[in-house]
Amino acid sequence: GDSVTQMQGQVTLSEDDFLFINCTYSTTWYPTLFWYVQYPGEGPQLLLKVTTANNKGISRGFEATYDKRTTSFHLQKASVQESDSAVYYCVLGDGGMGYKLTFGTGTSLLVDP
Amino acid sequence: NAGVIQTPRHKVTGKGQEATLWCEPISGHSAVFWYRQTIVQGLEFLTYFRNQAPIDDSGMPKERFSAQMPNQSHSTLKIQSTQPQDSAVYLCASSLDYWGGAKDTQYFGPGTRLLVL
């Protein structure tokens, strides 16, 4: 079945630091990959979506790209702010039917002011 | 647009009691999903409705859990004889889904935090 692996459980940065979160995925279908962000007390919300057609997504200063050869998917931001503190999930969309989401374990980002 | 609405936000039940969780999807969205979030297991898919019809319940525990969507404006997740291991945040999401592999964005509600004592 589909799977997603996020190795970084917790990341602590200072404001204006560079952020890089990586994940790897496994699927037998053409993947649609997402980064969702979750703030305390809220449900996950879409940050970025990347498909095989566009290979890259950009939103709110975040950039996501994926590498089909290495089946890796990463999220980066040049300069983080305290308000970026949240949990970031790498998510794989079920390529077969396009509806079931498989979530990674999440990366908790803490940005010190 | 109020987003996906889930009620109650918090629910405490005693072991063996029944819990019913409610979800109101975004108006016009034809797909509704339920997920469960725990510290140990993370976010897990439970079940999916499309145009009110159950499509995939492969993530639902075989016993005590059931989900329904009696009309396009709400879905319920019912847990009978709740157990402490059912304690989790239950998340509902909806999307503009259509048959054929559309990979539309799923919009999540804030979740219902269930605590079984």
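Proteins come first, then strands; the chains are lettered A, B, ... in the order of their sequence lines, and each starts at number 1. None of the values given here were measured: they were computed from a predicted structure.
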Q | Residue B/Arg113 versus chain A: region with a heavy atom under 4.5 Å | A | neither
Q | Residue B/Glu63 excluded, over 12 heavy atoms near CD under 6.0 Å | A | no
Q: May I ask whether B/Val89 and B/Val116 are part of the same hydrophobic cluster, defined by side-chain heavy atoms of I, L, V, M, F, W, Y residues being less than 4.5 angstrom apart, directly or through others?
A: no
Q | Best-contacting candidate, B/Glu44, B/Gln41, B/Gln6, B/Gln37, against chain A by heavy atom pairs under 4.5 angstrom | A | B/Gln37
Q: Decide yes or no for A/Leu101 and B/Phe45: does some side-chain heavy atom of the first lie under 4.5 Å from some side-chain heavy atom of the second?
A: no
Q) So which residues of residues 35-44 of chain A are in contact with chain B at a heavy-atom cut-off of under 4.5 Å? A) A/Tyr36, A/Gln38, A/Gly41, A/Glu42, A/Gly43, A/Pro44
Q: Mark yes when over 12 heavy atoms from residues, nucleotides or ligands other than B/Gln72 sit less than 6.0 Å from its CD; otherwise mark no.
A: no
Q. Take atom CD in B/Gln68; do more than 12 heavy atoms of anything else shown fall under 6.0 Å from it?
A. no
Q: Take atom CG of B/Leu117 as the centre, draw a 6.0 Å sphere, and report whether it contains more than 12 heavy atoms from other residues, nucleotides or ligands.
A: yes
**Q.** Qualifying disulfide bond (SG atoms under 2.5 Å apart) pairs, either residue in residues 10-48 of chain B, two or more places apart
**A.** B/Cys23-B/Cys92
(Q) Please say yes or no: joined through hydrophobic side-chain contacts below 4.5 Å, possibly via intermediate residues, are A/Val87 and A/Phe103 part of one cluster? (A) yes
Q. Do A/Phe62 and A/Val80 belong to the same hydrophobic cluster, where Ile, Leu, Val, Met, Phe, Trp and Tyr are linked whenever their side-chain heavy atoms lie under 4.5 Å apart, directly or via other members?
A. yes
**Q.** Under 4.5 Å from any heavy atom of chain A - which part of B/Leu91
**A.** side chain
